[in-house]
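Below is one structure, written out as structure tokens, with a few remarks after it.
The shown structure was predicted, so the numbers you read here are calculated from the model rather than taken from an experiment. Values below: every heavy atom of this structure, side chains too, minus hydrogens, waters and symmetry copies.
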Amino acid sequence: MTTDQWWIVALAAGWSALVGAVGLGAAYLLRQRSIRWGAGIVAVVAVGGFIAGLVATTHAMFLSGHDFRVVLLVSGVSGVVSLSFALFVAHAGVRWSRALQDEARHLADEGGASQAGGRMSGPAELADVSAELRRTSQRLAESRDRERALESSRRELVAWVSHDLRTPLAGLRAMTEALEDDLVEDPERYHAQMRAEVDRMTRMVDDLFELSRIHSGALQLSMEPVSLGDVISDALAGADPVARARGVRLGGAVDEGALVLADARELSRVLTNLVMNAIRHTPSDGAVEVSGRVTGDGVELTVSDECGGIPTEDLGRVFDVAWRGSHARTPEPLGATAGAGLGLAIVRGIVEAHRGSVDVSNHAPGCRFLVRLPA
């Protein structure tokens, strides 16, 4: 490059840098104002720096007065048009920013679900933030729904457990008073009833303790290879007296040599709870079938009964705390292993602690509980 060219470059760069420095100072002073100001300053600096460099160099080249005025006119028109476009884009940016602000504000509202119908029609970055806000809003709404359902279950549990404890306690008090006053002809029968009531309350307290361990994350599993055949045999043997008393037939089948990595004690509790629940809801002369099989990615345990089916609207509540399929508060007869609606909630907690899943579906002539455990 020649000396004159270097001089022109230096002159244009100097004037442009001067305009840029002024613009930088203005941007710093207006940094907390609307985005319109920032976009306007960017446009003014970009156009102003170009015009300043152009004017300085044309003046240094000693152009005629007419030519110099033409350059100034063209530069001015170009600057006005460029600034107009910059302000238009800034206005759109403000509108997008306010839409994003409205979505963020809506997160604090009841429900939390975003009202935006589709993807934001702004820049990709703002559209991504808007989409993330919608996803966060949906997760918050789902979390609030779960919290409400859990709180409702807790209130229901307190009410049911309070009643289920108050009733046997009142009975125990009446029987002890009758024994103290020598008003009974068969003390042994009273002693047996008192022992049965104490056992029932003990089971209820044990269930509450187990559920609290599950919900608090304090449930510790001792994982080891467990034979499905042994677990099913033990559960059926333990439930056989109750099934005979109620006239319910028990049956079981399992794949030979089927093993699963699980906590033997907790898995036994899962199956026992499911079998006792099936017996409790199966009428006399009905049957409860238990089966276990190996699948490609784990094992499946199935407990089928003849309860007549569960109403469709209740299928989603079967594993909720304190749900018993009935609003009745009257305890079941002796030997029926009535509880406070905790058995199935405990089943779900233990199965999920094993990284498995449990589902229920209607399957004529009753319903079927399906437990899936990973290999």
Next item on the list: Answer yes or no: is there a donor N or O on one side and an acceptor on the other, between the side chain of R348 and the main chain of V358, under 3.5 Å?
Entry: no

Notebook entry, point to check: By side chain to side chain contact (heavy atoms under 4.5 Å, CB included), which residues pair with D199, not counting sequence neighbours?
Noted result: R195, R203

Check: Which residue pairs pass the salt bridge (Lys or Arg N to Asp or Glu O under 4.0 Å) test when at least one of the two sits in residues 77-94, sequence neighbours left out?
Finding: none

Check: Would L179 end up clustered with L169 when hydrophobic side chains under 4.5 Å apart are linked, directly or stepwise?
Finding: yes

Notebook entry, point to check: Rounded to the nearest 0.5 Å, what separation is found between the CD1 atom of I346 and the OG1 atom of T272?
Noted result: 12.0 Å

Notebook entry, point to check: Does any non-hydrogen side-chain atom of S361 lie less than 4.5 Å from one of L315?
Noted result: no

Next item on the list: Would you indicate whether the side-chain heavy atoms of V184 and M175 approach each other to under 4.5 Å?
Entry: no

Quick one: side chains of residues 299-309, donor-acceptor pairs under 3.5 Å with protein atoms, not counting sequence neighbours, listed by atom name and distance.
from, atom 1, to, atom 2, distance (Å)
E300, OE1, R293, NE, 3.2
E300, OE1, R293, NH2, 3.0
E300, OE2, R372, NE, 3.3
D305, OD1, C307, N, 3.2
D305, OD1, C367, N, 3.0
E306, OE1, A287, N, 3.4

Item checked: Interatomic distance, H281 atom NE2 to R246 atom CZ [nearest 0.5 angstrom] -> 9.0 Å

Next item on the list: Quick one: closest heavy-atom pair of I232 and G292, and the distance?
Entry: CD1-N, 3.9 Å

Notebook entry, point to check: Can you check whether V248 reaches S284 side chain to side chain, under 4.5 Å on heavy atoms?
Noted result: no

Identify each donor-acceptor pair in which a side-chain atom of residues 263-271 lies under 3.5 Å from a protein atom, sequence neighbours left out, and give them as a table.
from, atom 1, to, atom 2, distance (Å)
D263, OD1, R265, N, 3.0
D263, OD1, E266, N, 3.1
D263, OD2, S222, N, 2.7
R269, NH2, D207, OD1, 2.6

Margin query: Distance check, rounded to the nearest 0.5 Å: F369 atom CZ versus H363 atom NE2?
Written below: 13.5 Å

Next item on the list: Considering non-hydrogen atoms only, spot the tightest contact between G343 and N273 and give its length.
Entry: O-ND2, 3.3 Å

Margin query: Suppose we screen for salt bridge (Lys or Arg N to Asp or Glu O under 4.0 Å). Which residues come up paired with R355, at least two apart in sequence or across chains?
Written below: none

Note to self: Closer than 3.5 angstrom, by distance alone: can the side chain of S143 be matched with the main-chain N or O of R139 as a donor-acceptor pair?
What the structure shows: no

Checklist line | side chain to side chain contact (heavy atoms under 4.5 Å, CB included) involving P311 - partner list, sequence neighbours excluded | finding: E313, D314

Next item on the list: Treating Ile, Leu, Val, Met, Phe, Trp and Tyr as nodes and any side-chain heavy-atom pair under 4.5 angstrom as an edge, say whether L219 and M223 lie in one connected cluster.
Entry: yes

Check: What do the steps show when you test V260 against H354 for side chain to side chain contact (heavy atoms under 4.5 Å, CB included), and what is the final call?
Finding: CA-CA 11 Å; V260 61; H354 282 81; over 6 Å; no

Notebook entry, point to check: Atom CD1 in I279, atom CG in L274: separation rounded to 0.5 Å?
Noted result: 11.0 Å

Item checked: Contacts of D240 that satisfy salt bridge (Lys or Arg N to Asp or Glu O under 4.0 Å) - sequence neighbours left out -> R244

Next item on the list: Please name the pair of heavy atoms, one in P241 and one in A237, separated by the smallest distance, quoted to 0.1 Å.
Entry: CD-O, 3.6 Å

Notebook entry, point to check: Does I350 belong to the same Ile/Leu/Val/Met/Phe/Trp/Tyr cluster as L370, with side-chain heavy atoms less than 4.5 Å apart forming each link?
Noted result: no

Next item on the list: Return the set of residues passing side chain to side chain contact (heavy atoms under 4.5 Å, CB included) with S233 (not counting sequence neighbours), or none when no residue passes.
Entry: none

Checklist line | Partners passing side chain to side chain donor-acceptor pair (under 3.5 Å) against E177 (at least two apart in sequence or in another chain) | finding: R173

Notebook entry, point to check: With sequence neighbours left out, what residues match D186 under side chain to side chain contact (heavy atoms under 4.5 Å, CB included)?
Noted result: E188, R189

Sequence neighbours left out, cut at 3.5 Å: what donor-acceptor pairs do the side chains of residues 19-26 make with other protein atoms?
none

Next item on the list: Give a yes or no on whether L259 and V226 share a hydrophobic cluster (residues Ile, Leu, Val, Met, Phe, Trp, Tyr; joining criterion: side-chain heavy atoms under 4.5 Å apart).
Entry: no

Note to self: Measuring only between side-chain heavy atoms, which start at C-beta, is N362 closer than 4.5 Å to I310?
What the structure shows: yes

Note to self: Count I, L, V, M, F, W, Y as connected when their side-chain heavy atoms are under 4.5 Å apart, and connections chain through other members. Are V371 and L261 then in the same cluster?
What the structure shows: yes

Next item on the list: Output all residues satisfying salt bridge (Lys or Arg N to Asp or Glu O under 4.0 Å) with E256, sequence neighbours left out; order by chain, then residue number.
Entry: none

Notebook entry, point to check: What is the minimum heavy-atom distance between F319 and L344, and which atoms define it?
Noted result: CD2-O, 3.4 Å

Notebook entry, point to check: What's the shortest heavy-atom distance between V294 and A258, and which atoms?
Noted result: CG2-CB, 3.7 Å

